[in-house]
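Here's the structure we're looking at; comments come further down.
Below, all heavy atoms of this structure are taken into account, side chains as well, without hydrogens, waters or symmetry copies. Model, not experiment: these values are computed from the prediction.
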Amino acid sequence: MSTEDRPPAPRSLAEALRARGDAALGALLRSRPDLITPVPTDLTQLATRAGTRASVVRALERLDRFALQTAEALAVAADPATYGELLGLMAGDDPDPAVVAALPHAVDLLREQALVWGADDRLRLVRTARELLAPSPQHPSPTGLGPTVQEATAGMSPGRIQEIVASAGLASTHDSVSAVTALAGLFTDRARMAALLADAPADSLDVLERLVWGPPYGQVTPDPAPRLRWLLDRGLLLPTAPGTVVLPREVALHLRRGLAHRAPEPVPPVVEAAAVHRPQVVDSAAAGQAYTALATVEELLKDWDEGGPAVLRAGGLSVRDLKRTAVALDVPEPAAAFWVELAYAAGLIASDGEADERYAATPAYDEWLEQPPAERWSRLVTAWLAATRTAGLVGGRDAKDRTLSALGPGLDRSAAPEVRHRVLALLAGLPEGAAAAAGSVLARLRWERPLRGDRREDDLRGRLAEWALSEAELLGVTGRGALSAQGRALLGAPAAPAPGPEAEPSGPGDKLPVHHHRTAPLAPLSATEQAVASAAAARLLAPLLPEPLDHVLLQADLTAVAPGPLRRPLADMLGVLADVESKGGATVYRFTPGSVRRALDAGQAASDLHAFLAAHSRTPVPQPLAYLIDDVARRHGHLRVGAASAYVRCDDDAVLSEILADKRAAGLGLRRLAPTVLAAQADPAGLLEGLRAMGFAPAAESAEGDVLITRALAHRTPPRTAPEPVPDGPPVPDDTLLAAALRAIRAGDLATTAPRKPGSAPAAQGELPRTGAAETLATMQAAVLTGEALWIGYVNAEGAASQRVIAPVRVEGGFVTAYDHTADEVRTYPLHRITGVAELADDAG
């Protein structure tokens, strides 16, 4: 293309955006959705918004390490810079082929993100990004470079500048500007700089070596040592403040052989496989952990079935209640916090909203229990993937130094879902059955989203990644550290890459071969796609889960052994009739007088219990267990407790005499009302507990004298919705919104940039046209006849002013009906709301 045919270089970011096609503009708006919240009126406003500090910071934080290094190099280059100058800063005097190959992609990415604009011969970093990344004493550059010679000598006296020029072997000049230019020319000339430094004392070179990679500032005394004096005299160190010197940027780049960064990182770190297992082993281990996860959540909710812990005034669980929950689940406190938060995220628990507010299961928990195990697991892991609440923060401190509690405020981290998804996607990129080395996963994430500035002290993404790896293992998404088949389906990931012949399953110390190419990351799924993926994961998991059993093994020591998971009716009934003694691969239940009485209190008769055990035991019912049931049943209900404050009645007056004579009954305040009735000062519940502690088996009765069935009623909250995740900025626009936004921006840009006929509108560029009512009407009527488009100013009913390009179709009754290019539709406007009108030039687009 000849120089005459080449399109003119853009003079601003707005012009560069105006030259883009819809596909390129759509890519920008997808990658930076904050730019269309709300939709800008035209491309000039879009460019202005793209240069705001908040938007630029957000865009920089989403760059990978090499793209950020490229932006940092442009920030210390000339403005504008050529591609060759940028390549010199990134690759140095001895170019690395990987840097040379990756740099075009990085520049294209910065252009797509509207952080860089201009052709390769005039690359410009947007001003806000340059201000953020350029070196300054308050904010050192990540490159470690200092100011240029011109910047460092800005406040220096002309005489001192001439002295430095003379000491450096340069001819004196008549003004400071040319002297500084000559000095900068010396420092950027490799041959002359090499000759100058060849005469430098060795200890002076040591000083330069300490400063060359940053920080470039150092301290000096009023009487510098000879090694420093030699450098100061020749401008190799320049004073910036009393007692402070700086290594000029040009000198540092010479010593670095042109490199802006000590270690450019064009290739992402490889995610290495720490161990390889057979895929079947991984899937089985993950399925076993998935079953344990379901059992743990059920046990948690069963423990809270009649009302869980109280809600703190500030929200959340108290430390004591979290410890009690951890003991009940037999897990460490951090794991207990995770299970509690997971049940909350899945909508299975919530606060009941009562005056004495407590946590309890929701009605959704009962629906969840009725689902097949694989579907219950799918619901848990889907909620985990999307949740922004982060259980790993429990026990830490917030910005106000308050303790963060489980289920309390302050646990949302908007980056959590993206980090979880990315960690699993990295695991999905390994061959099937390969477990990733955690360190390599963290290194890859840090390359994809490098830490900047003060955030280096708080590597939240790193901690989120570590928690994601451990939580995925707890949930059975991974098994033995490798992504399971059901976990891969959960992501909607394709089949795993097949390992080569040298990657046979081996010991934990062996590693798989690695690939150094950059793979496209898996995109997060939409809600519909995630539902389909979750259903597919459930189908893969279902055959791997153990089949529930309908029997137990009764033993003579008053225990029952469940060799596997039990069907729900059997497990529920056995949970009432016996106490869980131990859990694991097999659950051991123990029968006690208290547990048998609990079953009788729930309305079961002795004959029912005998029949239940006989029907569900693979071994005969042991005689000690049958005797225990009959003995407790024989005494159950022999005493009756009712409300007087409370009373005890019994047909056998000898039993009542025995109670009165017992010293342990002194606290109950008993007195005989009749041979078969005792009155008590204690309430009925306290009287029941007191008599049971004395070895009796009383039963409660109603006011009508009937035995009360004391089956516990499950406490449920009113219907509750699961907590909504906190979004990480504006959502990515869908295709429909994106198309509408592009149409509106293009039309608004047409309205503001379309050329006007000379003299048709006296308004300045950007202002609304102003014409009289008669002229406006006449121009509209003429445009209807000619079919020409007009530029108008319009003020709506709310008083908002805008510019529009319209093609009038009809003018009547004080209204103009026209095709509005700005809105891309036919609209009707009251003529009295049109501030003025101007004709467009004949060559308007």
To the closest 0.5 Å, what do you measure between [atom1] ([X]) and [atom2] ([Y])?
X: L68; Y: R62; atom1: CG; atom2: CZ; result: 14.0 Å
X: L442; Y: E466; atom1: CG; atom2: CD; result: 5.0 Å
X: L464; Y: L469; atom1: CG; atom2: CG; result: 11.0 Å
X: L237; Y: L231; atom1: CG; atom2: CG; result: 4.5 Å
X: L238; Y: L247; atom1: CG; atom2: CG; result: 9.0 Å
X: R20; Y: L742; atom1: CZ; atom2: CG; result: 11.5 Å

Quick one: are [X] and [Y] in side-chain contact, heavy atoms under 4.5 Å?
X: Y217; Y: V245; result: no
X: P135; Y: V76; result: yes
X: L63; Y: L115; result: yes
X: L28; Y: L35; result: yes
X: L197; Y: L255; result: yes
X: L483; Y: V477; result: yes
X: D728; Y: R58; result: yes
X: F66; Y: P268; result: no

Does the [X] side chain pair with the main chain of [Y], one donor and one acceptor, at a distance under 3.5 Å?
X: E529; Y: S526; value: yes
X: T388; Y: R413; value: no
X: S141; Y: A134; value: no
X: R257; Y: G92; value: no
X: Q113; Y: V56; value: no
X: T240; Y: V246; value: no
X: W117; Y: P10; value: no
X: E112; Y: A24; value: no

Item to complete: Report the C-alpha distance between S55 and R49 in whole Å, list the side-chain angles of each, state the deciding distance to 0.1 Å, and finish with yes or no for side chain to side chain donor-acceptor pair (under 3.5 Å).
Response: CA-CA 7 Å; S55 184; R49 192 176 297 173; over 6 Å; no
Does a side chain donor of either [X] or [Y] reach within less than 3.5 Å of an acceptor in the other side chain?
X: E15; Y: S12; value: no
X: E72; Y: T143; value: no
X: T382; Y: S534; value: yes
X: T44; Y: R18; value: yes

Item to complete: Test side chain to side chain donor-acceptor pair (under 3.5 Å) on T82 and D121 and set out the steps.
Response: CA-CA 4 Å; T82 66; D121 58 343; over 6 Å; no
Worksheet item: Could you walk me through whether M90 and T70 pass the side-chain contact (heavy atoms from CB on, under 4.5 Å) check?
Response: CA-CA 7 Å; M90 294 301 295; T70 303; 3.8 Å; yes
Could you report the tightest heavy-atom contact between [X] and [Y], atom names first, then the distance?
X: L186; Y: M193; value: O-CG, 3.1 Å
X: A436; Y: V441; value: CB-CG2, 3.7 Å
X: L738; Y: P733; value: CD1-CG, 4.0 Å
X: L385; Y: L424; value: CD2-CD1, 3.9 Å
X: D93; Y: P95; value: O-CD, 3.3 Å
X: G118; Y: R111; value: O-NE, 3.0 Å

Practice prompt. Given side-chain contact (heavy atoms from CB on, under 4.5 Å), test L43 with L25 step by step and report yes or no.
Written response: CA-CA 10 Å; L43 286 170; L25 270 183; 3.9 Å; yes
Salt bridge (charged side-chain N to carboxylate O under 4.0 Å, His left out) partners of [X], counting only residues at least two apart:
X: R446; answer: D459
X: R30; answer: D735
X: R122; answer: none
X: D22; answer: R746

Practice prompt. Walk me through it: do L125 and D79 pass the test side-chain contact (heavy atoms from CB on, under 4.5 Å)?
Written response: CA-CA 8 Å; L125 192 65; D79 185 28; 6.0 Å; no
Worksheet item: Is the number of heavy atoms from other residues, nucleotides or ligands within 6.0 Å of CD (Q150) greater than 12?
Response: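 Open.
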Practice prompt. May I ask you to check whether over 12 heavy atoms, not counting those of R53, lie within 6.0 Å of atom CZ?
Written response: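 Open: at most 12 neighbouring heavy atoms sit under 6.0 Å from CZ of R53.
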Practice prompt. Go through E418 and R461 one step at a time and tell me if the salt bridge (Lys or Arg N to Asp or Glu O under 4.0 Å) criterion holds.
Written response: CA-CA 10 Å; E418 188 267 334; R461 284 179 62 84; 2.7 Å; yes
Fill in: Listed partners of W384 passing side chain to side chain donor-acceptor pair (under 3.5 Å), at least two apart
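Partners of W384 under the side chain to side chain donor-acceptor pair (under 3.5 Å) test: E471.
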Item to complete: Report the C-alpha distance between T181 and V149 in whole Å, list the side-chain angles of each, state the deciding distance to 0.1 Å, and finish with yes or no for side-chain contact (heavy atoms from CB on, under 4.5 Å).
Response: CA-CA 8 Å; T181 302; V149 172; over 6 Å; no
Worksheet item: When you check the gap from the basic side-chain N to the acidic O, do E448 and R444 get nearer than 4.0 Å?
Response: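 Here E448 pairs with R444 in a salt bridge, since their nearest N and O are under 4.0 Å apart.
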Fill in: R449/D64 under salt bridge (Lys or Arg N to Asp or Glu O under 4.0 Å): CA gap, chis, key distance, verdict
CA-CA 5 Å; R449 295 283 179 84; D64 62 51; over 6 Å; no
Quick one: side chains of residues 208-216, donor-acceptor pairs under 3.5 Å with protein atoms, not counting sequence neighbours, listed by atom name and distance.
none

